[in-house]
There are 2 protein chains.
Amino acid sequence: MPTSADTAPPKGLSYADSGVDLDTYERFIDTIGSVVRRTHGPRVLANEGGFAGLFRLDFNEKLFKRNFKDPVMVACCDGVGTKVKLAAQMGRFDTLGLDLVAMSINDLIVQGAEPLFFLDYIAVPKVDKAMLLDLVKGVAKGCELSGCALLGGETAEMPGVYPDGEFDMGGFAVGVVELAKATNPLRVQPGDIVLGLGSSGVHSNGYSLVRAVVDRAGLDLNAIDPELDPTRTIGEVLLTPTRIYAESIVSMLRAYKVKKVVSAMAHITGGGLAQNLERSLPSGVDAVLDRTKWEPLPVFEFLRKHGDIDADEMWRVFNMGIGYVLVVRPTFADAVARRLERTGEVVHRLGRISRGKGRVRFKR
Amino acid sequence: MPTSADTAPPKGLSYADSGVDLDTYERFIDTIGSVVRRTHGPRVLANEGGFAGLFRLDFNEKLFKRNFKDPVMVACCDGVGTKVKLAAQMGRFDTLGLDLVAMSINDLIVQGAEPLFFLDYIAVPKVDKAMLLDLVKGVAKGCELSGCALLGGETAEMPGVYPDGEFDMGGFAVGVVELAKATNPLRVQPGDIVLGLGSSGVHSNGYSLVRAVVDRAGLDLNAIDPELDPTRTIGEVLLTPTRIYAESIVSMLRAYKVKKVVSAMAHITGGGLAQNLERSLPSGVDAVLDRTKWEPLPVFEFLRKHGDIDADEMWRVFNMGIGYVLVVRPTFADAVARRLERTGEVVHRLGRISRGKGRVRFKR
């Protein structure tokens, strides 16, 4: 015999029934407000309830007037790849935001741009406030380190698209450069010096391969491997946030107001040192690099060994210890290197530019 | 006895083994180049191999000089929610790009901004060139309809994060407005007229509920329901792209160079008409709307009926036929309405502004 519950008319559908809870979502949005506002300088205009973020381009304040003559907006977009899965495996969500900002901001500064603002897209199967707050705090910290405002973002609750425990992030950065100061590969000339800035680790490329190595070798992410790092677990080493080069690069470029000392730059991501530096070379020159000039971080030998990965494949997928490259006029190479070292960079003199065909060649 | 295959040393890992094929990926990037470049006007600077997109803010060409006095950059970010799942169910990927652009661009123009450029983040478990090309073509078409450049984007191959058949998209839009011309809720005054622009359907909010209705009622997406639409399948009606209001709104705002005829605007998304319009109201006024002034599109009654959804919930989740709202100075209301109708909008006179508490009220 049916119970009263069985005979009751079926309850109508609501948005909450379908997996989306607008109330929880709105409380989360309130919570992140203060985290986000901390990144806002005087050029971010108040716009409560607004549909978009507002960022004033020029400084028109009396005391701090500075207007662009012919401003070029520079914009790019990136994610952090499957590093999200490694973070989820470890239950650590406070570092990925730094990776997200780094991936776009390091691309932006290659063009000679000064970062202005950043927006993030985070998609989750279900709002988990603690996890989302860690993600957004990481993004805000990355913005502070880059000297840009976290101007907006979207947190999308997408039940069914992402399985439980999975999520994804996309980041979007906008900067500005005076047209006359934008980098241009055509400036690169034979004799220019190639400087490389040390990476902090794997950064945010090649993580499908990293995870395949972990699986294949049956590595315990919570274990310590003394050869890799005696003070951090394997998981912590692999999750090291991507280095953000904005502060060093922007302040160095500002120091040379008139002279064009930097011919070109490159952010080393998927494709490795050769492929990314080639993007910044004109067709008439080669970059001839000497791989004995620096020692790849231990994490790369660790991955090669446990994954039995071919050496060429390593160089094609990973940064191998160099996260950012500058091509510098020879008379300024030492001064630029010293200036970058003073702002905390590890600078390697990788090689020099010669006549060629737009390729990166490694000395034997 | 082991065969020779068994005794061969295990093959080392490669990036392709881990699910990421850089070669397929690069061929796809080449393919979309021409689609993307079609959206580029003269303000997009050539930057082959570049790490970011370059967009010149001012028109400094001799014949077409136009510089901003105090430019405010306007930026926002959005996705299309679980409408991606409905598209995947139907195997139709050419419309979602329009939705993605619409969601951000319609937010942008609320601030009085002119759209400049857009970037997209698309994440898939595996590169499927035909599907990705359809997605990017849709984004490019949306950019053309919005008068903005598709300045860049990222296609992320994320095996393991997205199950087979799932994917996600995030969109980022940047525009510019003269500081003196940016909309400001404080302009709204009692007596102002509230105009509503017709939506094309559900747009891109509430799709978790839409899909729950489809599941609950066992609807066949490939069937035709004559009451809903005698010419399109249920799935096609539900997948109708979000209307982009940029062209109408930007050309109307340009027509009033000096007079501030528009007090405020709102893009009606999740939260519905009331919640979104309230974001644009100052605390001292109410918007009093008359729901008899327009007929919600048939798709909303269809969803309500099949999901047995409470009427208030319908108004809280869906746009109910009004996709965009303008609050207009009373003496200009007719002229603004006629101008919007000439650019293809269906304009409803929803009500007017009275003294109040920053709320939207519906006339009984």
Side-chain angles (χ1 to χ4, degrees), chain A residues 12-15 17-20 45 49-58 60 70-79 81-82 84-85 107-108 110-111 117 119 121 123 151-154 156 158-161 163 166 168 170 172 174 208-209 212-213 216 267 279 307-310 313 317, chain B residues 12-15 17-20 45 49-58 60 70-79 81-82 84-85 107-108 110-111 117 119 121 123 151-154 156 158-161 163 166 168 170 172 174 208-209 212-213 216 267 279 307-310 313 317:
Chain A
L13 277 177
S14 73
Y15 207 21
D17 295 334
S18 69
V20 177
L45 304 183
F51 288 72
L54 303 180
F55 189 96
R56 204 166 163 182
L57 188 65
D58 289 326
N60 273 329
D70 203 346
V72 175
M73 309 309 301
V74 183
C76 53
C77 164
D78 211 345
T82 55
V84 291
K85 279 191 82 80
D107 273 354
L108 203 71
V110 165
Q111 308 294 335
F117 56 84
L119 295 94
Y121 173 78
L151 193 58
E154 167 72 7
M158 313 256 294
V161 173
E166 303 293 349
D168 197 12
F172 168 73
V174 172
S208 290
L209 183 51
V213 171
R216 172 197 168 110
H267 176 208
R279 293 167 66 182
D308 187 20
I309 303 167
D310 182 76
E313 183 78 352
V317 176
Chain B
L13 276 177
S14 74
Y15 207 20
D17 296 333
S18 71
V20 177
L45 303 183
F51 289 71
L54 304 180
F55 189 97
R56 204 166 165 183
L57 188 66
D58 289 327
N60 273 330
D70 203 346
V72 175
M73 308 310 301
V74 184
C76 53
C77 163
D78 210 346
T82 56
V84 291
K85 280 191 82 78
D107 273 354
L108 204 71
V110 164
Q111 307 295 335
F117 56 83
L119 294 94
Y121 173 77
L151 193 59
E154 167 74 6
M158 313 256 294
V161 173
E166 303 292 349
D168 197 13
F172 306 94
V174 172
S208 290
L209 183 51
V213 170
R216 173 198 169 109
H267 176 208
R279 291 166 68 182
D308 187 21
I309 303 167
D310 183 76
E313 183 77 351
V317 177

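The structure presented is a predicted model; accordingly, all values stated were derived computationally and were not measured. Per chain, numbering begins at 1; letters A, B, ... match sequence-line order.
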- prompt: Is there a side-chain contact between B:S14 and A:D310 (heavy atoms, below 4.5 Å)?
  reply: no
- prompt: Do A:L13 and B:V213 have side-chain heavy atoms sitting under 4.5 Å apart?
  reply: yes
From [atom1] ([X]) to [atom2] ([Y]), nearest 0.5 Å:
X	Y	atom1	atom2	value
A:Y15	B:S208	OH	OG	5.5 Å
B:L209	A:S18	CG	OG	5.0 Å
B:T82	A:M158	OG1	CE	6.5 Å
A:C76	B:L119	SG	CG	8.0 Å
B:M73	A:L57	CE	CG	6.0 Å

query: What option among B:D70, B:V174, B:L151, B:D17 has the most heavy-atom pairs under 4.5 Å with chain A?
result: B:D70
message: Is A:L54 in contact with chain B via its backbone, its side chain, both, or neither, using a 4.5 Å heavy-atom distance?
response: both
- prompt: Which answer fits A:V74, side chain, backbone, both or neither, if we ask what part of it has an atom under 4.5 Å from a heavy atom of chain B?
  reply: both
field: Contact summary for A:P163 and B:P163, nearest pair of heavy atoms
entry: CG-CG, 3.5 Å
- prompt: Which atom names give the shortest non-hydrogen contact between A:F51 and B:H267, and what distance separates them?
  reply: CE2-O, 3.2 Å
Part of B:V161 lying under 4.5 Å from any heavy atom of chain A: both
Region of B:V84 that comes under 4.5 Å of a non-hydrogen atom in chain A: side chain
message: Using the ring-ring contact (aromatic ring centres under 6.0 Å, His included) criterion, which residues pair with A:F55? Sequence neighbours excluded.
response: A:F117
- request: Using the test ring-ring contact (aromatic ring centres under 6.0 Å, His included), find all partners of B:Y121 that sit at least two apart in sequence or belong to another chain.
  value: none
field: Backbone of A:G50 reached by a side-chain donor or acceptor of B:R279 within 3.5 Å
entry: yes
message: Heavy-atom pairs under 4.5 Å with chain B: which of A:G152, A:G170, A:A212, A:G53 has the most?
response: A:G53
